[in-house]
Amino acid sequence: MNQRLKQHIHDALKVCYELGTLRSLIYPDIDLEIPARSEHGDFSTNLAMVLARTEKTAPRKVAETLVSVLEETASDWGRVEIAGPGFINFFMAAGHWFAVLDEVHRRGPEYGRSAMGRGKKVQVEFVSANPTGPLHIGHGRGAATGDAVAAVLSAVGYEVQREYYLNDAGNQMYTLGRSLLLRYRELLGESLEFPEECYQGEYIRELAREYLEQKGALLLDLPEQDAVREIGSFGGNRIRDGIDRDLRDFGVCFDNWYSEQSLYDCGAVERGIAVLKERGLTYEKEGALWFRTTDFGDDKDRVLVRSNGNMTYFASDVAYHRGKFERGFDRVIDVWGADHHGYVPRMKAVLAGLGRDAEDLQCILVQLVNLLRDGKQVAMSTRSGEFVTLREVIDEVGRDACRFIFLSRRSDSQLDFDLELAKKQSNENPVYYVQYAHARVCSINRNAAEAGLRLPTAGESNLGCLTLEDELVLVKLLARYGDVVEGAAQNCEPHRIVFYLQELAARFHSYYNKGRVVTEDLETSRARLYLVNGVRTVLENALLLLGVSAPERM
RNA sequence: GCGCGAUUAGCUCAGCUGGAUAGAGCGCUGCCCUCCGGAGGCAGAGGUCGCAGGUUCGAAUCCUGCAUCGCGCGCCA
């Protein structure tokens, strides 16, 4: 609808230029916004104010000139007026609005999707927690965010891949193996000191016990190196499987698990370094190899190869990101914990160093989750192994509430997550408010079916029966849904969907309380059923983007 | 010290990339069950958008400085 309106405005501007009533001869991007106040119309543009400068004419005067042309065609779609300092406000005829209902019903689950990103491949990499322990609640927020961003991008037409980067190379896997081996030996009666740098969590003991039960005491006969590698790879696999299982139960499913070790095995890390060398972006200092990331805006250079010959994680990150683009992605999105924000400039530098536009990489920083119970902070410390796992939270509060809460703020703002509040099935908990709206429509449908009323399909009902102000408001909200999805996609901000859902649910509940959908009047009942099921479709579509279910009963 | 981010109602937060009289939820006060599900609705109180300048027709939004808070600044992973 606003595309057509923009075209009208563009045409009007052209006419003014041809008539000579306006002389700027420029066509600025037409900014159509939905005013906060309905008295200001359904749409509004500041075009006259933008043109005022080059026209050297008062904004209102420019607006009058434009409006005089716009009015010639206005009767087809509504009316125009000038307001305030020079806004041009558009009021669409009600019939135009109610036509979206047909679109909602015709497209069903497709309604709200668009072709904005058609033909482009984008990868969203998220969670990517080290496979050295179970996921905790912070990973859950990253998972919900990454998954929803992926879903939203996919809804606007991108070809999307969800990827988990598995840090299975380097020191930490060795540390995992060592931690396990020590616990294993403890179980076999040895008394020893458990080093601080080893993983402290109780799960280490459990895995060691599991290994012992399955394979027995044979590790004691192996050289230490081999024993560490053996039990480490056992533990790493078990932990990875556990992570995968937790994520699936959280409704997150990765298309690809990408192994860091594989980058070493196939020589990609060496090649990545070689490319930077060839481009003259590296130098040696004090026995180490450096990448001059400061050439691209980083505040200091970074080491690729240490003086002891070991590669840094940064070196494999270069290879990893280079590989992403070689795999054909046009855009790459990394979802990180906000404590990694310092890594953004150096990763952007990697892209620039490889000859890519740094904008092709977007980093979404997810702030930490502040876990509360009844308003009191729950102490957590990864080092001591005392943390609340994602698994525990899912089991306790449920997947829907969890995901909804995680997505209810912008990702870069901190989030209070109160376990007791999340469990409450009350008005303090916004998930149920939205889901309840959906269940309510389903309930109305059941009721209508009992009364022998069938759900009307497109064109079957008389939309002229929808004369209430609330009905128009609802339909306008439905019409906005596509823009909301596009905005969420463009900005990688799934929380916009959450806010939209709350508004839609609120308008629906309000409407529901004012009168009945199923009345004695058959024609009105059918039209209202048609409307209310349009609402239901959009509620469902939006909830599914967030990975939250749309229940028919609660 | 340098860098990044935050600062909006009692609390938790939005604010559509610079628009018109700054919004929502919770909490608080007072109402609404003859009615398709009350996990609901209606009404009300509540603001110096951290502070000070600047940019322009117009600033919560952009720029500069300051204050407070958080995070990050290894040849760690």
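In what follows, every chain begins at residue 1, and chains take the letters A, B, ... in the order their sequences are listed.
- Relative to the side chain of A:D339, the nucleotides B:rG72, B:rC16, B:rG40 differ in distance, and B:rG72 lies closest.
- For B:rA14, one of the phosphate oxygens OP1 or OP2 lies less than 4.0 angstrom from a side-chain nitrogen or oxygen of A:S413.
- A donor-acceptor contact under 3.5 Å is formed by the side chain of A:S44 with the base of B:rA20.
- Between the side chain of A:S44 and the backbone N or O of A:P35 there is no donor-acceptor pair closer than 3.5 Å.
- Summarising the geometry, the separation between CD on A:E552 and C1' on B:rC36 is reported as 16 Å, rounded to the nearest angstrom.
- Here B:rU17 is in the syn range [glycosidic angle within 90° of 0].
- What separates CG of A:N130 from P of B:rA77 is a distance of 11 Å, to the nearest Å.
- Picking from B:rG15, B:rC36, B:rA77 the nucleotide with the shortest atom distance to the side chain of A:E493 gives B:rG15.
- Counting any heavy atom pair closer than 4.0 Å across all strands shown, A:Y433 reaches sugar-phosphate atoms only and no base atom.
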For nucleotides 3-6 of chain B, which of its nitrogen or oxygen atoms have a protein nitrogen or oxygen under 3.5 Å away, and what is each distance?
| residue | atom | partner | partner atom | Å |
| --- | --- | --- | --- | --- |
| B:rG3 | N2 | A:H341 | NE2 | 3.4 |

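- Rounded to the nearest Å, the gap between the P atom of B:rA60 and that of B:rG54 is 15 Å.
- Ring planes of A:Y320 and A:Y258: tilted class, angle from 30 to 60°.
- One atom, CZ of A:R440, and another, C1' of B:rC35, lie 11 Å apart when rounded to the nearest Å.
- Residue A:P35 has its side chain nearest to B:rA20 when only B:rA20, B:rG38, B:rC75 are considered.
- Comparing A:R446 and A:M173 along RNA chain B, the residue whose closest nucleotide (by nearest heavy atom) sits nearer the 5' end is A:R446.
- Both distances falling under 3.5 Å, in either a Watson-Crick or a G-U wobble arrangement, occur for no nucleotide opposite B:rG74.
- Taking the ring centre of A:F291 as origin, the terminal cationic atom of A:R302 falls outside the region bounded by 6.0 Å and 45° from the ring axis.
- Comparing atom distances between the A:N447 side chain and each of B:rU21, B:rC36, B:rG15 picks out B:rC36 as nearest.
- Residue A:R306 places at least one side-chain N or O under 4.0 Å from the OP1 or OP2 atom of B:rC76.
- Taking the six-membered ring where the residue is Trp, the centroids of A:F314 and A:Y343 are separated by 6.0 Å or more.
- Counting any heavy atom pair closer than 4.0 Å across all strands shown, A:A36 reaches no nucleic acid atom.
- Within the 4.0 Å cut-off from OP1 or OP2 of B:rA14, not a single side-chain nitrogen or oxygen of A:Y500 is found.
- The shortest distance between the side-chain N/O atoms of A:S408 and the OP1/OP2 oxygens of B:rC13 is not below 4.0 Å.
- In this structure, A:R526 does not pair ionically with A:E523, as no charged nitrogen and carboxylate oxygen lie closer than 4.0 Å.
- A:E503 and A:R480 are joined by a salt bridge, as a carboxylate oxygen and a charged side-chain nitrogen come within less than 4.0 angstrom of each other.
- The CZ atom of A:R240 lies 9.0 Å from the OG atom of A:S259; values are rounded to the nearest 0.5 Å.
- Using C1' as the reference atom, B:rC49 and B:rA14 are 13 Å apart when rounded to the nearest Å.
- In this model, the phosphate group of B:rC57 is approached by a side-chain N or O of A:R53 to a distance below 4.0 Å at OP1 or OP2.
- A donor N or O paired with an acceptor N or O is found under 3.5 Å between the base of B:rC76 and the side-chain atoms of A:Y343.
- Scanning atom types as modelled, no donor and acceptor separated by under 3.5 angstrom connect the side chain of A:S443 and the base of B:rC36.
- The base-pairing partner of B:rG10, taking Watson-Crick or G-U wobble contacts with both distances under 3.5 Å, is B:rC26.
- The base of B:rA20 is paired with the side chain of A:N89 by a donor and an acceptor separated by under 3.5 Å.
- Comparing A:K300 and A:R409 by the nucleotide of RNA chain B that holds the closest heavy atom to each, the one mapping nearer the 5' end is A:R409.
- Taking the six-membered ring where the residue is Trp, A:W290 and A:Y283 present parallel rings, their angle staying beneath 30° rather than reaching 60°.
- Ring pair A:H340/A:W336 is tilted by interplanar angle, where 30° to 60° counts as tilted.
- Note: CG (A:N308) to P (B:rC75) measures 12 Å, nearest angstrom.
- Pairing for B:rU56 is absent, judged as Watson-Crick or G-U wobble with the two contacts each under 3.5 Å.
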